[in-house]
Amino acid sequence: MRREEGGENHMSNEIENPLLPKSSGRVTGTASAAQTLGNIIVSIVGTGVLGLPFAFRVAGWLAGCLGVMIAGLSTYYCMLLLIQCRDKLVSEDTSSTETKTYGDLGYKCMGKAGRFLTEFLIFTSQCGGSVAYLVFIGQNLFSIFKSYTSLTYRSFIFLVVPVQILLSWINSLSALAPFSIFADICNVLAMTLVVKEDVQKILGGEFSFSDRKAVSSNIRGLPFAGGMAVFCFEGFGMTFALESSMRERGRFSKLLAQAFTGITLVYVTFGFFGFMAYGDDTKDIVTLNLPKDWSSIAVQMGLCVALIFTFPIMVHPVHEIIEGSLKKSSFFQTHPCISYDNNSTTRLGKFMIYISRAILVVALAAIASFIPGFGAFTSLVGSTLCALISFVLPALYHLILLGSSLNFWQRSLDVCILLCGLLFAVNGTYNSIVGV
């Protein structure tokens with residue numbers, strides 16, 4: 001929690017990454033180019049990548065490749081728009097409080113409404129990402145143990161809830177940072193196994209390339225797959241933190257371009273090979289297609305364990321927002337059994353905070369238990385929340401702050417991104433709800 005200009009409290013919306021150094025004020029960061037590149041990859045690459053082969057199945061391999069490349073290019077461009085907006089504010093008034101978070105930028109552009117809109121979307125998207133983690137864990141554990149138990153995948157979601165509650169009570173996320181890296185390693189191993197399966201099928205002559213459709217005949221499948229592609233480029237709220245952590249901030253845009261080029265290339269390759277390997281049998285989480293041998297099961301278990309320990313990192317910003325609202329409430333500040341003063345709480349106060357964290361975890365698990373599938377849900381989150389956060393708001397804020405100084409083509413591009421983002425959000429939401 002910190003105070004904005006004029007002394008008004010607001011909730012912090014910056015997504016905490018324990019791999020990034022904490023800083024105060026606009027100071028030069030300490031991260032090298034290599035460290036920043038690693039932080040960018042860890043912040044962007046998540047479990048959504050394992051749903052890409054399913055997106056390619058829905059859209060077709062050619063449409064899937066184009067969709068991922070467009071999503072990556074658009075996300076990269078809009079991240080640069082955010083940096084330009086922040087630099088514009090700094091150049092106009094160097095004495096003002098620095099724009100440290102996405103919510104700060106929303107406030108500078110549209111006042112309290114802009115801050116509320118930005119923080120609400122990030123709050124909801126973090127909840128959506130947390131639910132996706134639980135769905136992923138539940139479906140993979142069910143796939144591994146379904147031969148030995150009658151439990152449903154929803155039961156496995158609730159089985160990990162006690163562990164998630166205990167982990168949510170850890171205040172220092174730095175201890176969980178290695179698991180975030182471990183999750184990415186397991187992602188790479190899972191992708192390697194899928195590609196190996198594809199190569200084996202090619203060498204064995206088990207499928208014909210002509211049997212894999214290039215573009216789906218179902219027009220509704222294209223925005224559905226687009227939503228999954230947008231979801232894969234998560235971490236947009238980390239833009240300011242990543243740039244600020246870098247020692248040579250002038251090189252950030254070039255480094256970001258290199259990271260996005262590599263990530264997009266990996267996404268396209270994996271989505272293509274995953275679809276080629278399993279065709280119309282591709283499941284919404286491609287690890288569910290893997291053979292039930294020891295290596296595949298080890299990777300699935302590794303992914304589940306890693307996500308169980310990185311779930312608190314995903315849900316931590318939501319805890320911060322809820323707890324910030326609790327601490328600002330008159331009941332919390334004035335009740336003698338809860339608060340010593342505005343900055344410290346009694347044991348009872350801390351107990352209530354821990355209870356709020358437990359309630360949130362149970363609520364997210366309950367929501368996850370009603371989700372019909374990982375693919376449909378990630379497409380919904382990508383089409384709505386991620387599209388608004390990654391495309392609509394950056395273009396809108398860029399037009400507000402720099403519109404008068406932009407040439408016709410620059411303004412036209414911003415307007416195009418804004419309108420296309422809104423249209424994509426509406427259409428993608430409809431298609432995700434009615435199904436493909």
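- Side-chain contact check for Leu422 versus Phe391: every heavy-atom pair is 4.5 Å or farther apart.
- A heavy-atom distance below 4.5 Å is found between the side chains of Phe260 and Met79.
- What you find for Gln164 and Pro312 is that their closest heavy atoms are OE1-CD, 4.0 Å.
- Thr192 contributes a side-chain N or O that, together with a main-chain N or O of Val188, makes up a donor-acceptor pair within less than 3.5 Å.
- Taking NZ from Lys283 and CG from Asn289, the interatomic distance works out to 6.0 Å, rounded to the nearest 0.5 Å.
- Residues Leu393 and Tyr102 have side chains in contact (heavy-atom distance under 4.5 Å, counting atoms from C-beta outward).
- For Lys292, the NZ atom sits in a packed shell: over 12 heavy atoms of surrounding residues, nucleotides or ligands are nearer than 6.0 Å.
- Rounded to the nearest 0.5 angstrom, Arg357 CZ and Ile322 CD1 are separated by 10.5 Å.
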Quiz item: After noting the C-alpha distance and the side-chain angles of Leu134 and Phe156, does the key distance pass the side chain to side chain contact (heavy atoms under 4.5 Å, CB included) rule?
Solution: CA-CA 9 Å; Leu134 292 174; Phe156 283 101; over 6 Å; no
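- With hydrogens and angles ignored, the 3.5 Å screen pairs a side-chain donor or acceptor of Ser91 with a backbone N or O of Lys88.
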Quiz item: Yes or no on side chain to side chain contact (heavy atoms under 4.5 Å, CB included) for Ile157 and Ile137, after CA distance, side-chain angles and deciding distance?
Solution: CA-CA 7 Å; Ile157 291 176; Ile137 293 169; over 6 Å; no
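- Contact detail for Gly48 and Cys232: the closest heavy-atom pair is O-SG, 3.2 Å.
- For the atom pair Tyr397 OH and Leu81 CG, the distance stands at 13.0 Å (nearest 0.5 Å).
- Heavy-atom minimum distance, Phe377 versus Gly128: CE2-O, 3.1 Å.
- Between the side chain of Ser369 and the backbone N or O of Ala366, at least one donor-acceptor pair lies under 3.5 Å.
- Using a 4.5 Å heavy-atom threshold, the side chains of Pro291 and Ser296 count as touching.
- Leu364 approaches Val315 most closely through the heavy-atom pair CD1-CG2, 3.6 Å.
- Sequence neighbours left out, the pairs with a member in residues 134-154 that pass ring pair (Phe, Tyr, Trp, His ring centres under 6.0 Å) are Phe136-Phe374.
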Self-check item: Trace of the side chain to side chain contact (heavy atoms under 4.5 Å, CB included) decision for Val230 with Thr75
Solution: CA-CA 8 Å; Val230 172; Thr75 304; 5.6 Å; no
Practice problem: Would you please test Leu105 and Arg86 for side chain to side chain contact (heavy atoms under 4.5 Å, CB included) and show each step? | Solution: CA-CA 7 Å; Leu105 180 60; Arg86 197 273 313 280; 5.6 Å; no
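- There is no side-chain donor-acceptor pair under 3.5 Å between Asn140 and Ser143.
- For the pair Val286 and Phe54, the minimum side-chain heavy-atom distance is 4.5 Å or more.
- Atom CZ of Phe224 and atom CG of Leu380 lie 9.5 Å apart (nearest 0.5 Å).
- Considering CD1 of Ile297 and CG of Leu290, their distance stands at 10.0 Å, rounded to 0.5 Å.
- Residues Phe233 and Tyr76 place their aromatic rings such that the two centres sit no closer than 6.0 Å.
- Residues Val160 and Leu141 have side chains in contact (heavy-atom distance under 4.5 Å, counting atoms from C-beta outward).
- Phe424 is not listed as a side-chain neighbour of Leu388, based on a closest heavy-atom distance of 4.5 Å or more.
- Tyr107 and Thr118 share no side-chain donor-acceptor pair at under 3.5 Å.
- The shortest side-chain heavy-atom distance between Met301 and Ile144 falls under the 4.5 Å cut-off.
- Separating the CG atom in Leu50 from the CG atom in Asp284 is a distance of 11.0 Å, to the nearest 0.5 Å.
- Side chain of Arg57 to main chain of Phe275: no donor-acceptor pair is present (N/O by atom type, distance under 3.5 Å, no hydrogens or angles).
- Shown here for Ser383 and Gly227, the closest heavy-atom pair between the two residues is OG-CA, 3.4 Å.
- Every pair passing side-chain hydrogen bond (donor to acceptor under 3.5 Å, both in side chains) that includes a residue from residues 413-426 is listed here, sequence neighbours excluded: His398-Asp414.
- A pairwise comparison of heavy atoms in Ile389 and Leu121 identifies CD1-O, 3.4 Å as the closest pair.
- Counting only distance, with no hydrogens or angles, the side chain of Ser155 and the backbone of Leu151 share no donor-acceptor pair below 3.5 Å.
- Comment: Arg115 engages Asp104 in a salt bridge, judged by a side-chain N to carboxylate O separation of less than 4.0 angstrom.
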